[in-house]
Amino acid sequence: MANRKTWFLRGVRDGVPIGLGYFAVSFALGIKAVGAGISPLEAALMSLLNLTSAGEAAAIVLLGVGTTYVELAFTQLVINLRYLLMSCALSQRIAPESSVLHRLLVGYGVTDEIFGISMGVQDKFSPYYSYGAIAVAAPCWALGTLLGALLGNILPANLVSALGVALYAMFLAVILPPARKSRVIAGIILVSMLASTLLTLACTHFGWTFLTEGFRIILLTVVISAAAAVLFPVREETEVSDEN
């Protein structure tokens with residue numbers, strides 16, 4: 001396995017586009033935070049400690065209406081529960097000799113995009129790969145929130161709205177390369193997009209408020225990944241040595 005410096009620099013390289021996307025999206029988040037009565041410093045600290053756009057957006061709304069800490073904590077638990085599934089998957093890919101402390105530090109930076117690039121690494125990856133990606137992504141997320149809170153009202157509304165598209169374009173850049181290499185992955189991505197759209201429309205039409213965005217992501221992740229594992233299992237090659 002490559003040394004720590006090599007893994008760290010590789011993580012930094014792969015984390016640069018993620019950091020740029022995070023900066024653009026969190027800029028708009030900072031504007032919303034100020035509108036909810038949150039100070040720029042508090043907004044930046046929230047972003048640094050909570051690397052999730054959906055979770056932060058929900059927290060800003062709840063804090064703006066004066067919700068209780070219990071309701072806020074439960075909402076965060078529901079929205080961010082999908083990261084538990086991602087962490088379970090990453091625990092099978094991280095270098096086996098990694099200590100508990102390393103695994104906890106990697107867990108801090110588990111986001112959709114960092115999870116995507118980590119799962120794209122061939123074989124096992126070092127925790128220093130995650131550190132490299134986090135070292136770029138987390139500061140960009142917090143800095144974007146801070147600048148958005150401080151300067152957001154100066155920029156034109158159209159520009160602020162356009163910044164929010166950057167994260168989706170970046171996520172496409174994460175999933176398209178493996179989809180081009182595998183028809184199975186491409187098919188799973190298309191099925192996931194279609195299922196997510198249909199489920200969202202059904203929730204809107206029938207008023208299924210109990211199926212929040214976080215629950216929908218968890219439900220679809222479990223069902224589709226389980227079906228894919230059964231229908232298209234990945235066969236691991238094992239080396240068998242003959243002792244003569």
Side-chain angles (χ1 to χ4, degrees), residues 21-22 24-26 28-33 35-38 43 46-47 49-91 107 110-116 119 141 145 160-176 178-179 184-232:
Y22 281 1
V25 173
S26 62
L29 205 62
I31 298 174
K32 295 181 179 179
I38 302 172
M46 181 171 61
S47 286
L49 299 177
N50 187 24
L51 303 179
T52 163
S53 57
E56 282 194 57
I60 289 172
V61 173
L62 292 175
L63 290 172
V65 298
T67 189
T68 64
Y69 290 125
V70 174
E71 292 173 330
L72 181 61
F74 182 75
T75 301
Q76 294 302 307
L77 174 64
V78 172
I79 292 177
N80 297 321
L81 195 58
R82 67 184 186 277
Y83 294 123
L84 174 63
L85 302 176
M86 295 181 188
S87 297
C88 290
L90 287 178
S91 69
V110 176
T111 66
D112 298 336
E113 294 74 28
I114 293 180
F115 171 78
M119 293 300 290
W141 183 253
T145 304
V160 174
S161 298
L163 291 174
V165 182
L167 186 62
Y168 300 101
M170 178 197 62
F171 195 74
L172 288 176
V174 173
I175 64 175
L176 285 180
V184 172
I185 294 178
I188 293 173
I189 291 174
L190 291 175
V191 169
S192 300
M193 294 172 63
L194 179 61
S196 178
T197 301
L198 292 177
L199 185 57
T200 300
L201 292 175
C203 290
T204 302
H205 180 74
F206 295 106
W208 295 342
T209 56
F210 61 93
L211 280 179
T212 63
E213 181 181 0
F215 270 136
R216 293 199 299 268
I217 293 175
I218 295 169
L219 177 63
L220 292 175
T221 300
V222 172
V223 173
I224 295 176
S225 61
V230 172
L231 297 175
F232 310 102

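The chain is numbered in sequence order, starting from 1.
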Working to the nearest 0.5 angstrom, can you tell me the gap between L85 CG and F115 CZ? 9.0 Å
Locate the shortest heavy-atom distance separating C203 from R216; write the atom from each residue and the value. SG-CD, 3.7 Å
Could you tell me whether the side chain of D112 reaches within less than 4.5 Å of the side chain of M86, counting heavy atoms only? yes
Closest heavy-atom contact between T145 and S47? OG1-OG, 2.6 Å
Here the pair of heavy atoms bringing Q76 nearest to G55 is NE2-O, 2.8 Å
State the CG-CD1 distance between L176 and I185, to the nearest 0.5 angstrom. 11.5 Å
Scanning both residues in full, the closest heavy-atom pair of A195 with L220 reads CB-CD2, 3.9 Å
W141 vs T111 side-chain heavy atoms within contact, under 4.5 Å: no
What is the minimum heavy-atom distance between A179 and I189, and which atoms define it? CB-CD1, 3.8 Å
pair L190-L194: side-chain heavy atoms closer than 4.5 Å: no
Output the distance between atom CG (L84) and atom SG (C88), rounded to the nearest 0.5 Å. 4.5 Å
Rounding to 0.5 Å, atoms CG (L63) and CG (L72) come to a distance of 5.5 Å
For the student: nearest non-hydrogen atoms of S87 and V110, plus distance: OG-CG2, 3.9 Å
Could you check whether any side-chain heavy atom of I114 comes within less than 4.5 Å of a side-chain heavy atom of L51, counting everything from C-beta outward? no
Give a yes or no on whether the backbone of M46 and the side-chain of N50 come within a donor-acceptor separation of less than 3.5 Å. no
